[in-house]
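Just below is one structure, and these are the notes that go with it.
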Amino acid sequence: MDVNERIKAVLAEHAIVLFMKGTPQFPMCGFSSRAAQALTEAGAQFHAVNVLADPEVRAALPHYANWPTFPQLFIQGELIGGCDIIEDLKASGELARMAADVAGADS
Ligand SMILES: N[C@@H](CCC(=O)N[C@@H](CS)C(=O)NCC(=O)O)C(=O)O
Ligand code: FES
């Protein structure tokens, strides 16, 4: 499977995917830490991909949905954005609504 197929497969398998540096338990960057924290506070069940452990995905993902940085949040295969957008959506309550909409799907 090439790297774009691997990205597609993880997005098909999990309703909410956060590509981040490190893991939610051990984030390796403040932006990734804040993104994972906001998702957790919004009650989202999400699948995290540590791009530092997968250099191929780290190199390919910025081109995949044309977003240059990490973290990157996808919901049902669609790019939502990075840390700033995730925190804005959390603050407005929209993130919790989006998470509730996909709840029940495998995270
Ligand atoms: N304002 C961005 C901050 C994210 C950011 O600047 N990330 C940088 C530093 S972690 C990045 O991913 N750089 C490219 C790279 O490290 O591959 C957001 O909202 O997500
Ligand atoms: S790893 Fe340095 S700012 Fe994210």
Side-chain angles (χ1 to χ4, degrees):
M1 230 195 285
D2 83 5
V3 63
N4 285 304
E5 286 173 351
R6 290 205 289 121
I7 292 168
K8 274 191 199 132
V10 78
L11 294 176
E13 193 176 345
H14 304 283
I16 306 180
V17 180
L18 184 69
F19 293 92
M20 65 181 290
K21 294 184 177 180
T23 66
Q25 292 75 21
F26 295 102
M28 299 298 286
C29 170
F31 296 120
S32 286
S33 175
R34 283 161 48 194
Q37 182 75 28
L39 281 165
T40 300
E41 286 172 11
Q45 296 288 313
F46 62 100
H47 177 76
V49 175
N50 177 4
V51 300
L52 297 180
D54 195 332
E56 229 184 15
V57 167
R58 182 182 178 179
L61 198 65
H63 309 289
Y64 183 84
N66 218 9
W67 189 267
T69 54
F70 298 97
Q72 293 193 26
L73 175 67
F74 289 78
I75 298 184
Q76 285 171 331
E78 303 259 319
L79 175 74
I80 304 300
C83 173
D84 295 341
I85 287 173
I86 295 166
E87 287 190 328
D88 285 352
L89 291 170
K90 158 76 174 29
S92 70
E94 187 62 22
L95 192 60
R97 276 193 290 279
M98 292 161 98
D101 278 352
V102 300
D106 171 33
S107 64

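For ligands, and for the atoms within them, numbers begin at 1 and follow the listed sequence.
Residue, atom and distance of the protein heavy atom nearest to atom 19 (O) of ligand 1 are D84 N, 2.8 Å. For atom 3 (S) of ligand 2, the closest non-hydrogen atom on the protein side is C29 SG, 3.6 Å. Of all protein heavy atoms, the one lying nearest to atom 7 (N) of ligand 1 is F70 O, 3.0 Å. For atom 16 (O) of ligand 1, the closest non-hydrogen atom of the protein is K21 NZ, 2.5 Å.
At a heavy-atom cutoff of 4.0 Å, ligand 1 is contacted by both the backbone and the side chain of C83. At a heavy-atom cutoff of 4.0 Å, ligand 2 is contacted by the side chain of F31 but not by its backbone. If you look at F31 next to ligand 1, the close heavy atoms, those under 4.0 Å, all belong to the side chain.
Hydrophobic clustering, with ILVMFWY side chains joined whenever heavy atoms are under 4.5 angstrom apart, groups V102 together with I80. Tracing side-chain contacts under 4.5 Å through hydrophobic residues (I, L, V, M, F, W, Y), one never reaches F31 starting from I16; they form parts of separate clusters.
When the shell of 6.0 Å around CD of E5 is examined, it contains more than 12 heavy atoms from other residues, nucleotides or ligands.
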Can I get a per-line list of side-chain donor-acceptor pairs under 3.5 Å for residues 92-101, giving both atom names and the distance, sequence neighbours left out?
{"unit_1": "S92", "atom_1": "OG", "unit_2": "D88", "atom_2": "O", "d": "3.4"}
{"unit_1": "S92", "atom_1": "OG", "unit_2": "L89", "atom_2": "O", "d": "3.2"}
{"unit_1": "S92", "atom_1": "OG", "unit_2": "E94", "atom_2": "N", "d": "3.3"}
{"unit_1": "E94", "atom_1": "OE1", "unit_2": "R97", "atom_2": "NE", "d": "3.1"}
{"unit_1": "E94", "atom_1": "OE1", "unit_2": "R97", "atom_2": "NH2", "d": "2.9"}

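By the 3.5 Å distance cut-off applied to N or O atoms, P68 is not counted among the residues near ligand 1. Of the polar atoms of R58, at least one N or O is found under 3.5 Å from an N or O of ligand 1, judged by distance alone.
Taking each heavy atom of A35 and I86 in turn, the nearest pair found is CB-CD1, 3.7 Å.
Here the shortest heavy-atom distance to atom 13 (N) of ligand 1, taken over L73, L61, I86, T69, belongs to T69.
With Y64 as the fixed residue, the side chain to side chain contact (heavy atoms under 4.5 Å, CB included) test singles out one of V3, L79, V57, I7: I7.
Within ligand 1, the atoms closer than 4.0 Å to a non-hydrogen atom of C29 are 10 (S), numbered from 1 in the order shown. Residue G82 has at least one heavy-atom neighbour below 4.0 Å for each of these atoms of ligand 1: 19 (O), 20 (O).
Contact check for I85 versus W67: side-chain heavy atoms found under the 4.5 Å cut-off.
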field: Check against side-chain contact (heavy atoms from CB on, under 4.5 Å), V10 and F19
entry: CA-CA 10 Å; V10 78; F19 293 92; 3.8 Å; yes
